[in-house]
Amino acid sequence: MIRGRITGSVVSTRKLINLVGSKFMEVEYLRGGVSESLIAVDLVGAGIGEEVLVVTGSSSLRALEKDAPADAVIVGIID
Amino acid sequence: MIRGRITGSVVSTRKLINLVGSKFMEVEYLRGGVSESLIAVDLVGAGIGEEVLVVTGSSSLRALEKDAPADAVIVGIID
Amino acid sequence: MIRGRITGSVVSTRKLINLVGSKFMEVEYLRGGVSESLIAVDLVGAGIGEEVLVVTGSSSLRALEKDAPADAVIVGIID
Amino acid sequence: MIRGRITGSVVSTRKLINLVGSKFMEVEYLRGGVSESLIAVDLVGAGIGEEVLVVTGSSSLRALEKDAPADAVIVGIID
Amino acid sequence: MIRGRITGSVVSTRKLINLVGSKFMEVEYLRGGVSESLIAVDLVGAGIGEEVLVVTGSSSLRALEKDAPADAVIVGIID
């Protein structure tokens, strides 16, 4: 998993119907000392500025509703 | 997911039959401050210049027709 | 698999119910001479400072309880 | 998907029986301005020098015969 | 797939029971001109110094025994 920080949310009105209701958050993290970012579906009610645990890849599907395609999900808020 | 911008389309006449009818778009995005690009199947009618949300990896299969192999799909247009 | 060293643990009180009971460890490893890190679920009782073998991606699901989403698991301690 | 160019073929006499008959091609592509390469199974009769569309990761399995393990397949020739 | 060279083996006495009997090899390969390495399960009896073909990611599961989790397998020796 990746340890990152939520820096914003992303709004997409025109999207796949199976993603309607998903909350997309922008997460920044460090990789080899360089800052990178990804968009993840929030599953734990995390807010901007919080440090979170992100599952990436198709493992994400296990945490999502049937038929919602995503490759990154926020699964925990780090204490 | 990746946040990127569509920069063009890709035409492939000789391709797998299960990909016939798929619209391939070139998407540019930033990774650690460096510009990269990938080819994604468009599922939302996005056009050149639009900012989009791209699902990568085998999570893409969940959004595709049965038997179409792809590793990146455009699932939303960012507002 | 990745060969890395455990450098710490990560605590997340607010997390998905299917991850309750999972032990999250921070693992450092080298990639092209640059130090990177990831968070993995420990399955072998490894401790801080130990050198471990980490499976990444959705292959991790094969080693986890049904319904626990994760993209990295510690599967062995290197002698 | 990746857009790349075929630069050669790879011969492996001692290989898994489920890969017998697979044609392995070396494909070069750009990633962040740096040239990289991978080995992909050709499914469309592509030749050296042709520009191709490559599916990577486990999405490749959807295009392959049952039981053939591969993580990259050439699915189209770019016009 | 990745084209790499075996540089050593890795021994792990304390590991998941489903990995008992797996032979772990260290494989070096080039990525964008930089040397990287990974640990792969050998399925073809490859030895140190041999040039091999490595399948990565969850495609590896297709080549492994039921229940053995791994994200990289050596599937061929390059001639």
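On a predicted model such as this, the values are computed, not experimentally measured, just so you know. Note on naming: letters A, B, ... go to the chains in the order of the sequence lines (proteins, then strands), and numbering restarts at 1 for each one. Values below: every heavy atom of this structure, side chains too, minus hydrogens, waters and symmetry copies.
- Between chain A and the residues C:Leu19, C:Asp67, C:Ile39, C:Thr56, the most heavy-atom pairs under 4.5 angstrom are made by C:Ile39.
- Most heavy-atom pairs under 4.5 Å with chain A: of the set C:Ala68, C:Ser37, C:Ser60, C:Ala72, this distinction falls to C:Ala68.
- Rounding to the nearest 0.5 Å places CZ of A:Phe24 at 6.0 Å from NZ of A:Lys15.
- In this structure, OG in C:Ser22 is found 10.0 Å from CG in C:Asp42, a value given to the nearest 0.5 Å.
- Most heavy-atom pairs under 4.5 Å with chain A: of the set C:Ala40, C:Ser59, C:Ala70, this distinction falls to C:Ala70.
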For this session: Run the numbers on A:Glu36 and A:Glu28 for side-chain contact (heavy atoms from CB on, under 4.5 Å), then give the verdict.
Result: CA-CA 6 Å; A:Glu36 299 195 358; A:Glu28 278 192 13; over 6 Å; no
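- The parts of C:Thr13 that come within reach of chain A are both its backbone and its side chain, each placing non-hydrogen atoms under 4.5 angstrom from that chain.
- The parts of C:Val41 that come within reach of chain A are both its backbone and its side chain, each placing non-hydrogen atoms under 4.5 angstrom from that chain.
- In this structure, chain A has heavy atoms under 4.5 Å from both the backbone and the side chain of C:Leu38.
- In this structure, the portions of C:Val11 lying under 4.5 Å from any heavy atom of chain A include both its backbone and its side chain.
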For this session: Run the numbers on A:Ile74 and A:Leu53 for side-chain contact (heavy atoms from CB on, under 4.5 Å), then give the verdict.
Result: CA-CA 6 Å; A:Ile74 298 172; A:Leu53 201 59; over 6 Å; no
For this session: Report the C-alpha distance between A:Val44 and C:Leu16 in whole Å, list the side-chain angles of each, state the deciding distance to 0.1 Å, and finish with yes or no for side-chain contact (heavy atoms from CB on, under 4.5 Å).
Result: CA-CA 7 Å; A:Val44 295; C:Leu16 289 189; 4.0 Å; yes
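- Ranked by non-hydrogen atom pairs under 4.5 Å with chain C, the options A:Ala46, A:Gly32, A:Gly57, A:Ser58 are led by A:Gly32.
- If you tally non-hydrogen atom pairs under 4.5 Å between each of A:Leu61, A:Val75, A:Ile78 and chain C, the highest count goes to A:Val75.
- Scanning both residues, C:Ser9 and C:Met25, for their nearest heavy atoms gives CB-SD, 3.8 Å.
- Interface residue A:Leu43: backbone and side-chain heavy atoms are both found under 4.5 Å from chain C.
- For A:Val54, the part lying under 4.5 angstrom from a heavy atom of chain C is the backbone only.
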Exercise. Do A:Arg5 and A:Glu50 pass the salt bridge (charged side-chain N to carboxylate O under 4.0 Å, His left out) test, and can you show the C-alpha distance, the side-chain angles, and the key distance before you say yes or no?
Worked result: CA-CA 6 Å; A:Arg5 195 169 295 276; A:Glu50 284 189 294; over 6 Å; no
Problem set entry | Candidate pair C:Val73 and C:Leu64, rule side-chain contact (heavy atoms from CB on, under 4.5 Å), full reasoning | CA-CA 8 Å; C:Val73 288; C:Leu64 290 160; 3.9 Å; yes
